Amino acid sequence: MSDALKHECGIALVRLLKPLEYYKEKYGTAFYGVNKMYLMMEKQHNRGQDGAGFASIKLDVNPGERYISRVRSNAAQPIQDIFAQINERINLEFKMHPEFKEDVAAQKKHIPYIGELFLGHVRYGTFGINSVENVHPFLRQNNWMHRNLIIAGNFNMTNTTELFDNLIKLGMHPKEKADTVTVMEKIGHFLDDAVRKLYKKAKAKGMTKIEASPYIAEHLNLTKILRKSAKNWDGGYAMAGLLGHGDSFVLRDPAGIRPAYYYKDDEVIVVASERPAIQTVFNVPFESINEIEPGNALIIKKDGSFSTSEILAPLERKSCSFERIYFSRGSDAEIYQERKELGRLVMPKVLEAINYDTENSVFSFIPNTAETSFYGMLDAAQNELNKQKNEAILREEGHLSTARLEQIQAHKIRTEKIAIKDVKLRTFITDDSSRDDLVAHVYDVTYGVVKPTDNLVIIDDSIVRGTTLKKSILKMLDRLNPKQIVVVSSAPQIRYPDCYGIDMARLEHLVAFNAALELHKDRGTFKIVEEIYYKCKAQLELQDTEVINHVKELYAPFSDEEISDKIAEIISDATINAKVKLIFQSVSDLHEACPKNLGDWYFTGDYPTPGGNRVVNKAYINFYEGNPERAY
C-alpha cells in the first residue's frame, strides 16, 4: 500500500497435548513448542513490527519452581530479539549444565521458556508511546496459581472510558486507562471471584488448601467468567488468555471483526490470527483449519480437553474487509482469489477510462501487496483483448490475409514493473521543503517502456491519505511522459475512521473527506460542515445505541465519481503534465469479491457496533474544533 497504514497486531497460541518427552523422542527436542511459536510469529510478522512478546507456562510444577516465563521487545526486529534472548538463556543453561541436554525433566525444571502452553504477540504501535510496557502479553500476577492471568490480543475497544469507570465502581484502582489494562482487570476480577467461590466449596467438602488447588483447576468455568467479563465490551477483538495453572482461551468479538483460526490434532492445539501461518508451520491442509465463530471462545482446559462456547450472542457478521484487501498474507487460498477478484471487478471502469485502447496502455501495480489484484485486473484485460481480436477477425471475414491475422494475434496486453519502492530511503531532514523533495524519491520508476501516446494504468490496494501518491508516486510516474495516468484502488473510498484496530482515527487525514469538503466549497454549500458539527454535539450525552452517524450527510450530495475526480485534483498539482484519473472499487463489488468479510464501515459509515457511531461523531467534532486527539 502506498500510504503507510498500520494494523494493531497478531496472536499465536500453542498448547502441547503430549508429555515433553514425546516431542524429544519424535522431533529431537523438548523445545518443539518454542520452535513452533517462533515460526508462528515470524509467519505473522506482517501484522506488527513495532513490538513482540512471548509467554510460556509449565504444567504441574512443584511449589517454589518458576512456571511462568515472559519476554517482550520493542527492538528494531523484535521477534528475532525475543528468540535471541530465549536462545541465549537456553544455551547458557546447557553450557553450565551439560547433563540437561538429554534430561527433559531437568530441562523443564531448570530452564525457562520450555513448557506446554505458549502465547505470542506481534504489534504495531498505532498510537501512544511505543515503549516495551505497551507490548503484549500483559501479566496479572498473584501468588495463587489460578489467579495469574496472561493476556494478549488483536483488538481495540471503543468504550474504554466506560469500562474503566465500571472497574472503579467495582472498587478497583486500575494503574492506567488503556483498553488492554481494563480488559485484563475485568477478566481478573471475575477470575478472582470464581476462584474464591470454588475455594469455599472445596473447604466445605473438607479439603485442605493444598487439596483445593487441583479441585479449583478442574472446576473453574472459563465460559462463565468470560460471559461476565465481556458483557459490556464494544469493539473488535480476538483475545487470548492463559491462566497460571494451565487453562487457556481465545475469544472473538460477536461481529467477527477481528480474525481467529484454530487447528487440533493429537499432538497440539494451535490458534492464530491468520490461517496460512498454521498451514505452513504445521504442514496441514486448508480444510483442517477452523475459524472461531463470532462471539465464541475456544477454551482449552489444563487436562488438554477443548471446546467452543458462545460467550456473546453473535451480531450481524461484519468481518474486516481490510484483512482481505491488505493486512492478511495473500498466501491464504481464499484471500488470494478474493484479491484477484477485486482486480477483475474494477477492470470495466478502467477500460472505460482508457476508451478500451488496450494497444496504447501499460498496466502495472504499486508494490507489493497490490500485485495479486493486478493479476486479476490482467485476467479481465486479457478477456477484453480476446474480444477485440475476435471482433477484428469477424470484421475482415472473407478477405483476411495471413499477415493481417498475424498482426491481430500479435496484440498483447502490455504489462511492466513500473513502480519500485526504495525501502531503505529515509526522510531524515525535518525541514518541510527538504523533506518533500526526499519523499518524492521514496519510489523509483522503470524508464523507457512508456510512450507519450500511452495510458499508464497502475493499481494500489487502497488510498487513505493520498500523501504518497501526491508527493512521490504521481511525480515519478509523470516523468515517464504518459498521455494519461489512471490510478486504480482495489478498495472503495475510505471516508470514515476506524475504531476497531486500524490506524485511521482522524477524519482530516482521509483524502476522501477533504475532497468532500472541497466540493462543498465549490458548490457554496459549506455551511453543512457547521450544521453536522452541531448535530454531532447534540448527541454527546446520548446512549451509544441512540447515536446516529451524521457524518454521512457530508458525502450524501455527491456521487462516487465526483469525489474520485476531486481527489484526483487534490493529489495532482500543476507540475503534473499527464491527465490524472482516479478509479475506486465500488462497495457492491467489494462485497461480491469478499462475501464472507462484509465489514465496510470505513467505506460506508455503517459501523457494526453502537460505539462506532459515537466515535465517528466525536472524530468530526475533533476535526471541527481543531482538536488533534483521537476519538477513542
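All heavy atoms count here, side chains included; hydrogens, waters and symmetry mates do not. Bear in mind that the values here come from a model prediction, so they are computed numbers and not experimental data.
Counting heavy atoms from C-beta outward, C320 and I502 have side chains that approach closer than 4.5 Å. Residues R252 and N296 are not in side-chain contact: their nearest non-hydrogen atoms beyond the backbone lie 4.5 Å or more apart. Taking 4.5 Å as the limit, every side-chain heavy atom of K552 sits out of range of all side-chain heavy atoms of V616. Here the side chains of R329 and I335 are not in contact, with every heavy-atom distance at 4.5 Å or above. Looking only at side-chain heavy atoms (C-beta outward), L510 and R495 stay at 4.5 Å or farther from each other. Contact check for Y262 versus L13: no side-chain heavy atoms found under the 4.5 Å cut-off. The shortest side-chain heavy-atom distance between V271 and V14 does not fall under the 4.5 Å cut-off. Side-chain contact check for S490 versus Y326: every heavy-atom pair is 4.5 Å or farther apart.
Ion pair R523/E562 flagged as a salt bridge, since at least one NZ, NE, NH1 or NH2 atom sits closer than 4.0 Å to an Asp/Glu carboxylate oxygen. With salt bridges taken as basic N to acidic carboxylate O contacts below 4.0 Å, none links E352 and K349. Ionic pairing of D573 and K470 is not present here: no N-O contact between side-chain nitrogen and carboxylate oxygen is shorter than 4.0 angstrom. Using a cutoff of 4.0 Å between basic side-chain nitrogens and carboxylate oxygens, D454 and K451 are scored as salt-bridged. The residues E274 and K43 are annotated as not salt-bridged, no charged nitrogen and carboxylate oxygen being separated by less than 4.0 angstrom. Using a 4.0 Å cut-off between charged side-chain N and carboxylate O, D522 and K566 make a salt bridge. Using a 4.0 Å cut-off between a side-chain N of Lys or Arg and a carboxylate O of Asp or Glu, R317 and E291 qualify as a salt bridge.
Distance OH/Y555 to CG/L519: 11.0 Å, rounded to 0.5 Å. The CE atom of M347 sits 9.0 Å away from atom CD1 of I583, with the distance rounded to the nearest 0.5 Å. To the nearest 0.5 Å, the span separating CD1 on I570 from CG on L469 amounts to 12.0 Å. One distance of note links CZ of R47 with CE of M41; it measures 13.0 Å at 0.5 Å rounding.
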Original post:
Given the rule in the side chain to side chain contact (heavy atoms under 4.5 Å, CB included) test, do Y620 and F513 qualify, once you have shown the distances and angles that lead to the verdict?
Top reply: CA-CA 10 Å; Y620 190 89; F513 180 80; 4.0 Å; yes
**OP:** Walk me through it: do I494 and I463 pass the test side chain to side chain contact (heavy atoms under 4.5 Å, CB included)?
**Re:** CA-CA 7 Å; I494 298 171; I463 299 167; over 6 Å; no
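Remark: aromatic rings of Y237 and F155 are distant, center separation not under 6.0 Å. Taking the six-membered ring where the residue is Trp, the centroids of Y602 and F322 are separated by under 6.0 Å. In this structure, F83 has its ring center under 6.0 Å from that of Y38.
Note on ring orientation: taking the six-membered ring where Trp is involved, the planes of H121 and H136 are parallel (angle under 30°, cut-offs 30° and 60°). Note: Y496 and Y607 have perpendicular aromatic rings, judged against thresholds of 30 and 60 degrees for the angle between ring planes.
Between the side chains of Q493 and S564, a donor-acceptor pair is found at a separation under 3.5 Å. With no hydrogens or angles considered, no side-chain donor-acceptor pair links Q77 and D81 at under 3.5 Å. When only modelled atom types and interatomic distance are considered, N360 and D357 share a side-chain donor-acceptor pair under 3.5 Å. Inspection of the R404 and Q407 side chains reveals an N or O donor paired with an N or O acceptor under 3.5 Å. Under the 3.5 Å distance criterion, with hydrogens and angles disregarded, no donor-acceptor pair is assigned to the side chains of T358 and E384.
For E316, the CD atom is loosely surrounded, since the number of other residues' heavy atoms within 6.0 Å does not exceed 12. Residue N283 places its CG atom among 12 or fewer non-hydrogen atoms of other residues, nucleotides or ligands, all under 6.0 Å distant.
The cationic group of K521 lies under 6.0 Å from the six-membered ring centre of F526 and within 45° of the ring axis, placing it in a cation-pi geometry.
Of the residues listed (E323, E334, E338, Q44), the one engaging S328 in a side chain to side chain donor-acceptor pair (under 3.5 Å) is E323, and it is the only one. Here the rule is side chain to side chain donor-acceptor pair (under 3.5 Å) with D332, and of Q337, R275, R339, Q279 only R275 fits it.
Proximity of a side-chain donor or acceptor of D600 to a complementary backbone N or O of T604 within less than 3.5 Å is not detected.
By the ring-ring contact (aromatic ring centres under 6.0 Å, His included) test, H520 pairs with F558, sequence neighbours left out.
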